[in-house]
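Reviewing the structure listed below.
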Amino acid sequence: MKIDRLIGILSILLQQKKVTAPYLAGKFEVSRRTINRDIEALCRAGIPLVTTQGAGGGISIMDGYSIDKTLLTSSDMQAILAGLRSLDSVAGSSRYQQLMDKLSPEHSEILTSSQHILIDLSSWYKSSLAPKIELIQAAIERKELIEFEYYAPGTEGKRKIEPYLLVFQWASWYVWGYCPKRRDYRMFKLNRMPEVKSTGEKFEARELPEFKIEKETVFPALVSVKALFEPSFKWRLIEEYGPESFQVQEDGRLLFQFGFMDKESIFGWILSFADHAELLEPVGLREELKKLLCSMQKKYESGE
């Protein structure tokens with residue numbers, strides 16, 4: 001990826017006073033012409049690079065230009081590197097580790113991320129997730145439309161979008177892009193698409209709005225819930241909704257209050273506690289849950 005190379009070239013120049021184009025070409029396994037284009041791109045980005053010819057010549061950062069040369073030794077950069085390497089846990093490759101190794105093997109202690117930070121972004125679906133991420137990443141770089149069958153609560157069907165961002169949010173991977181049919185930007189969960197295909201159709205990149213998706217927008221709290229839980233499930237309420245979501249009652253039980261998207265989410269969650277939870281409000285949903293439980297009981301009784 002070009003952006004990887006640009007970061008790599010700048011990182012090397014931060015550590016070494018002067019390098020040659022052949023040296024950089026060898027480091028990143030590309031042609032000298034590609035390196036020359038990268039140098040031009042860095043200059044256009046505002047980095048004042050100087051190229052000198054002849055014996056002792058090479059590429060360097062202009063004298064007097066202030067750049068923090070301790071950048072790669074800072075704790076912030078180490079955390080960033082840990083985050084970059086964590087992408088290998090889902091990409092099915094070691095591209096980011098290889099990038100860091102190529103930058104400066106003789107200063108590996110500088111580029112090694114903090115030993116006490118380990119980020120693993122993979123999931124139980126890694127075998128199916130990694131190919132999707134690779135395909136979408138390639139489509140974003142080539143500016144090609146992607147299409148997929150999408151399955152979500154209350155809807156399913158074929159979608160085609162202009163992909164712009166791969167997003168890891170709310171413990172899941174998403175692709176964010178422009179949907180020509182809806183004429184708006186949408187975010188799709190990768191685990192809800194069995195497979196993704198690149199159509200080969202090119203699109204003209206748009207001037208993107210700021211990517212800002214609030215949890216309340218995607219998961220609106222439309223139904224206010226009140227329920228009682230056994231004390232032994234305090235750990236789960238804290239883990240899933242935080243310690244502010246409940247109050248301890250005199251008998252030790254936990255009075256839980258929170259907002260949910262819909263009744264299906266409420267029923268599924270409450271039932272996951274078996275008989276250790278009791279839905280109190282809304283009263284209407286409590287009655288619906290009661291009927292659901294009676295229906296389930298009859299189904300199991302008829303199977304005896």
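- When all heavy atoms of Ile146 and Val175 are compared, the closest pair comes out as CD1-CG2, 4.5 Å.
- In terms of hydrophobic clustering, with Ile, Leu, Val, Met, Phe, Trp and Tyr side chains grouped at heavy-atom distances under 4.5 Å, Val225 and Val248 are assigned to a common cluster.
- Between Glu278 and Arg286 a salt bridge is recorded (basic side-chain N to carboxylate O distance below 4.0 Å).
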>> Apply ring pair (Phe, Tyr, Trp, His ring centres under 6.0 Å) to residues Phe188 and Trp176 and explain how you reach the verdict.
In response: CA-CA 6 Å; Phe188 301 91; Trp176 180 77; over 10 Å; no

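- For Phe256 and Tyr241, the ring centers are positioned less than 6.0 Å apart.
- With respect to the salt-bridge test (charged N to carboxylate O, under 4.0 angstrom), the residues Arg253 and Glu230 do not qualify.
- Between Trp269 and the choices Phe233, Phe258, Phe260, the ring-ring contact (aromatic ring centres under 6.0 Å, His included) rule is met once, by Phe260.
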>> Checking Leu24 against Val30 for the side-chain contact (heavy atoms from CB on, under 4.5 Å) test, could you report, in this order, the C-alpha distance in whole Å, the side-chain angles of both residues, the deciding distance, and whether it holds?
In response: CA-CA 8 Å; Leu24 292 174; Val30 295; over 6 Å; no

>> Apply side-chain contact (heavy atoms from CB on, under 4.5 Å) to residues Leu254 and Lys234 and explain how you reach the verdict.
In response: CA-CA 7 Å; Leu254 312 172; Lys234 181 185 292 187; 3.7 Å; yes

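- No salt bridge links Asp184 with Arg182; every basic N to acidic carboxylate O contact stays at or beyond 4.0 Å.
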>> With side-chain contact (heavy atoms from CB on, under 4.5 Å) as the criterion, how do Tyr185 and Leu208 come out once you've worked through the C-alpha distance, each side chain's angles and the decisive distance to 0.1 Å?
In response: CA-CA 9 Å; Tyr185 295 90; Leu208 300 178; 3.8 Å; yes

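- By the rule that hydrophobic residues join a cluster once side-chain heavy atoms approach within less than 4.5 Å of another member, Ile270 and Ile238 end up as members of one cluster.
- Leu49 CG to Ile61 CD1: the interatomic distance, rounded to the nearest 0.5 Å, is 6.5 Å.
- Surrounding NZ of Lys202 are more than 12 heavy atoms belonging to other residues, nucleotides or ligands, all under 6.0 Å away.
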>> Between Arg206 and Glu162, is the salt bridge (Lys or Arg N to Asp or Glu O under 4.0 Å) condition met? List the steps.
In response: CA-CA 9 Å; Arg206 301 171 186 273; Glu162 302 171 4; 2.8 Å; yes

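- Taking the six-membered ring for Trp, Phe229 and Phe273 have ring centres closer than 6.0 Å.
- At a threshold of 4.5 Å between side-chain heavy atoms, the hydrophobic network of Ile, Leu, Val, Met, Phe, Trp and Tyr places Leu293 and Tyr300 in two separate groups.
- Under the 4.5 Å side-chain criterion, counting only non-hydrogen atoms from C-beta, Pro194 is not in contact with Tyr150.
- If you check the side chains of Ser272 and Arg236, you find a donor sitting under 3.5 Å from an acceptor.
- Residues Ile136 and Pro163 approach most closely at CG2-CB, 4.4 Å, considering heavy atoms.
- Ion pairing between Lys160 and Glu201 holds under the 4.0 Å rule for side-chain N and carboxylate O.
- Using a 4.0 Å cut-off between charged nitrogen and carboxylate oxygen, Lys263 and Glu288 count as a salt-bridge pair.
- Under the 4.5 Å side-chain contact rule for hydrophobic residues, Leu285 and Leu228 do not share a cluster.
- Rounding to the nearest 0.5 angstrom, the gap separating the NZ atom in Lys27 from the CD1 atom in Ile9 is 12.5 Å.
- Remark: the Glu144 side chain and the Ser198 side chain contain an N/O donor-acceptor pair separated by less than 3.5 Å.
- Under the 4.5 Å side-chain contact rule for hydrophobic residues, Leu279 and Met296 share a cluster.
- Rounded to the nearest 0.5 angstrom, Ser245 OG and Gln257 CD are separated by 9.5 Å.
- Inter-residue side-chain proximity for Val223 and Asp262 is flagged as unmet; no heavy-atom pair is nearer than 4.5 Å.
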